[in-house]
Amino acid sequence: MARDLAIDLGTANTLVYMKGKGIVLNEPSVIAVNRQSGEVLATGHDAWDMIGRTPSYIVAVRPLRGGAITDFDITERMIRLLLQRVGVSRFTRPKVVICVPSAITEVERRAVTDATRRAGASDAQLIEQPMAAAIGANLPIDEPVGNMVIDIGGGTTETAVISLGGVVALEAIRVGSFDIDAAIQSYVRREHGVAIGERTAEEIKIQIGSAEPGPQDRSADIRGRDLVTGLPKTVRLTAEEVRFAIDEPVTAMVLSVKRCLAKAPPELSQDFLARGMYLVGGGGMLRGLAERIQRETQVPVNMSPQPLEAVVLGAGHCIENYQALRGMFMGTRR
Amino acid sequence: MISMSFLTGLFSFLAFVSGSALLVMVYLDNRKVRIDDGIAKFRRHIDALSPEARRSSVHHNNPEDRWSR
């Protein structure tokens, strides 16, 4: 008998929680496929190492963009491989709860559930990422108080106000940390005439990227291809330049938080001032982002102790209490 | 003799009809959504989200567990 699973099928990373065991898998949502034969060559960390470095017959792709499936077949194969790796066979068909962005369309929702069922699940239920994040971040959502959670993932930024086990206000945009990487790539190309890959852009973001000026502002040498000569070139990038480059996606994230605050009922708004907001997701780890949101909203911002795992832990709790929390699944509420 | 069997048959029939009616009433009554069904369901939902309920799943995986094992 297969153990039931919770999957955080993120744009950047995929995490799997097994009932009774906890998190059993955490790796990048990347798959490498042989373009000619259609064979899967690698998934996860191995496939991530291949991005931008493959011969022409291999393609290493992220099958999700903005939290939505862009390639149905590839996603189905990736989920099938994930399930196999955690011990699911054709004779053991577990129930699966999958975390998806709240802004997902009906078509995208069906694509995720179909892909999961075809990959070997007996039942596939969806849960909104901010709700799962709030459960996983240990927020007291069972109480009649306002809990605000900001989940910044690879492709989406979702802000939700939760009270008494339900979503009171929600704001979601398809802007995430990959848009920050893309903004850095675009800036370096435009201002320095150098082309860099998405992995280099991500490294720059981690090393010197920030949303607010701070004492740790540094500069970094980056290597890419000169757009004029076509030769390898090194340029120096400062933290201030990166801050300027990523200002557009960061501002979009902050504005979405502000819109969610404006949607919240006044009785709950006063709770935010006392309790603050909680930041989860890999995108929330950008230096100075919590400070910037705090400065612009005048509401304290706390970082979740496990920003990367909060969503899958919340979904894992739902799979542990499947019957009692059935009402939280997207299909059962709408 | 004939009247006895008639009465037995009649009473058996009435007993059967009454029993069936009673069963149908009990079945329909059970199918009704009671006012406290929603309360019990909501209570279960909230209880499943309590810190105690989350101890085994969320806190189990949290190294900074405030209810450290």
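Chain identifiers are assigned alphabetically (A, B, ...) following the order of the sequence lines, protein sequences preceding nucleic acid strands; residue numbering begins at 1 within each chain.
For the atom pair CG of A:Leu164 and CG of B:Leu49, the computed distance is 10.0 Å after rounding to the nearest 0.5 Å. The CD1 atom of B:Ile46 lies 9.5 Å from the CG atom of A:Leu325; values are rounded to the nearest 0.5 Å. Going from atom NZ of B:Lys41 over to atom CZ of A:Arg326 covers 9.5 Å, rounded to the nearest 0.5 Å.
The number of heavy-atom neighbours closer than 6.0 Å to CD of A:Gln84, taken from other residues, nucleotides and ligands shown, is above 12.
Between the side chain of B:His45 and the backbone N or O of A:Gly165 there is at least one donor-acceptor pair closer than 3.5 Å. Between the side chain of B:Arg54 and the backbone N or O of A:Ile135 there is at least one donor-acceptor pair closer than 3.5 Å.
Here the closest non-hydrogen pair linking A:Asp142 and B:Ser50 is OD2-CA, 3.5 Å.
Contact of A:Ile319 with chain B is not made at all, since no heavy-atom distance falls under 4.5 Å. Contact annotation for A:Ala134: only backbone heavy atoms (N, CA, C, O) come within less than 4.5 Å of a heavy atom of chain B.
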